[in-house]
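Following: one structure in structure tokens, then a few remarks.
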Amino acid sequence: MRVLDGAELITASPVRASIELEYADPQEFSASWMIDPDDPIFRGHYPGFLIYPGVCLIESAHQVAMAHASAVGRSMALVQIESARFRRPVFPGHRITVTGKTTDAEDGDLRCTATVRSIREDGIPGEAARIRLRYTRRIR
């Protein structure tokens, strides 16, 4: 298992957590981390009812897919968010797990399908989002 800290991720990313990246093969990936209750993203989202923004769930899936691609020697660039379905809210203190798979798309691009699950403080798990991203292959 390789742990990436926020400094290794794209500096413009709102996702700043340390991510425990696990990968079993060149296509599938999994990573998990705790949503920091003190993350600055919560300052305005929403006062009095803090909720992890959906865009951060999408960015989480993207960051894990990119870390996995790098780990398996693949070079790719995000070109499209094909779909994002938000199933339940993620709150400060939840642990999220991003699992996914990268496959070949019909046109030669790559498609990443990811599921974000959250585990509440009381240990109850649930699906927070389903995300599908499209990447173009980049030559190194």
Side-chain angles (χ1 to χ4, degrees):
M1 179 183 328
R2 180 167 178 244
V3 177
L4 302 177
D5 65 25
E8 290 182 284
L9 301 175
I10 299 171
T11 57
S13 174
V15 178
R16 300 280 182 227
S18 293
I19 298 170
E20 300 169 20
L21 178 63
E22 303 168 355
Y23 48 94
D25 65 44
Q27 291 183 314
E28 296 183 14
F29 55 83
S30 177
S32 60
W33 61 94
M34 188 72 67
I35 301 300
D36 182 0
D38 297 322
D39 191 317
I41 200 77
F42 292 118
R43 287 188 195 135
H45 204 268
Y46 295 97
F49 187 72
L50 304 180
I51 187 170
Y52 200 59
V55 70
C56 291
L57 296 177
I58 295 169
E59 177 69 9
S60 295
H62 169 61
Q63 289 294 334
V64 173
M66 293 298 291
H68 176 258
S70 177
V72 298
R74 183 182 298 132
S75 182
M76 59 189 199
L78 181 66
V79 293
Q80 182 181 12
I81 299 168
E82 290 186 340
S83 70
R85 303 276 188 252
F86 303 108
R87 319 282 281 176
R88 82 179 215 179
V90 175
F91 298 110
H94 282 194
R95 182 166 190 81
I96 65 170
T97 300
V98 177
T99 57
K101 187 173 191 174
T102 303
T103 57
D104 293 322
E106 315 77 46
D107 60 1
D109 281 351
L110 296 167
R111 176 174 286 134
C112 168
T113 54
T115 301
V116 180
R117 290 182 174 81
S118 67
I119 300 176
R120 301 186 320 207
E121 299 86 350
D122 60 7
I124 305 224
E127 186 176 288
R130 289 186 186 179
I131 299 162
R132 193 170 61 234
L133 305 171
R134 180 176 287 267
Y135 294 87
T136 187
R137 297 172 195 269
R138 291 193 327 202
I139 299 172
R140 290 183 181 228

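In this text, all values refer to a predicted model and were calculated from it rather than measured experimentally.
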> Do any N or O atoms from the side chain of S60 and from the backbone of C56 form a donor-acceptor pair under 3.5 angstrom?
Replying inline: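 Flag set: sc S60 to bb C56 pair under 3.5 Å.
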Please name the pair of heavy atoms, one in [X] and one in [Y], separated by the smallest distance, quoted to 0.1 Å.
X    : Y   : result
L50  : F42 : CD2-O, 3.3 Å
A69  : M76 : CB-CE, 3.6 Å
P37  : G93 : CG-N, 3.9 Å
A114 : A61 : CB-CB, 3.9 Å

>> Can you pull out every salt bridge (Lys or Arg N to Asp or Glu O under 4.0 Å) where at least one residue sits in residues 46-57? Sequence neighbours excluded, please.
In response: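 Non-adjacent pairs meeting salt bridge (Lys or Arg N to Asp or Glu O under 4.0 Å): zero.
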>> Check this for me: I51, atom CD1, are more than 12 non-hydrogen atoms of other residues, nucleotides or ligands nearer than 6.0 Å?
In response: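 Atom CD1 in I51 is crowded, with more than 12 foreign heavy atoms closer than 6.0 Å.
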> Within a radius of less than 6.0 Å around CZ of R85, do more than 12 heavy atoms belonging to other residues, nucleotides or ligands occur?
Replying inline: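 Count not over threshold, so no.
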> Does any pair with a residue in residues 92-131 pass ring-ring contact (aromatic ring centres under 6.0 Å, His included), and if so which ones, sequence neighbours excluded?
Replying inline: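 Matches after skipping sequence neighbours: F91-H94.
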> CE of M34 to OG of S118: how many Å apart, nearest 0.5 Å?
Replying inline: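 M34 CE to S118 OG: 11.0 Å, rounded to 0.5 Å.
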>> Within this structure, what is the CD1-CG distance for the pair I35 and L57, rounded to the nearest 0.5 Å?
In response: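 It is 7.5 Å, given to the nearest 0.5 Å.
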So do [Y] and [X] actually touch side chain to side chain, heavy atoms under 4.5 Å?
X    : Y    : answer
L110 : D104 : yes
I58  : F86  : yes
F49  : P89  : no
I131 : E59  : no

>> Holding to salt bridge (charged side-chain N to carboxylate O under 4.0 Å, His left out), I want the full list of residues that pass it with R87, two or more places apart in sequence or in another chain.
In response: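 Partners of R87 by the salt bridge (charged side-chain N to carboxylate O under 4.0 Å, His left out) criterion, ordered by chain and then number, come out as E127.
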>> Going by side-chain hydrogen bond (donor to acceptor under 3.5 Å, both in side chains), name the residues that satisfy it together with E82, two or more places apart in sequence or in a different chain.
In response: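 E82 satisfies side-chain hydrogen bond (donor to acceptor under 3.5 Å, both in side chains) with R111, R132, R134 only.
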> Apart from V79 itself, which Ile, Leu, Val, Met, Phe, Trp or Tyr residues share its cluster (side-chain heavy atoms under 4.5 Å, direct or through members)?
Replying inline: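 Joined to V79, directly or through intermediates: none.
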Please report, to 0.1 Å, the donor-acceptor pairs under 3.5 Å made by any side chain of residues 95-103, with sequence neighbours excluded.
from	atom 1	to	atom 2	distance (Å)
R95	NH2	E20	OE2	3.4
R95	NH2	S32	OG	3.1
T99	OG1	R117	NH1	3.4

> In terms of hydrophobic clustering (I, L, V, M, F, W, Y; side-chain heavy atoms under 4.5 Å; direct or indirect links), are I119 and W33 co-clustered?
Replying inline: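 No; tracing contacts between hydrophobic side chains, which count when under 4.5 Å, never links both residues.
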>> Between H68 and E28, does the side chain to side chain contact (heavy atoms under 4.5 Å, CB included) criterion hold? Intermediate values first, please.
In response: CA-CA 8 Å; H68 176 258; E28 296 183 14; 5.9 Å; no
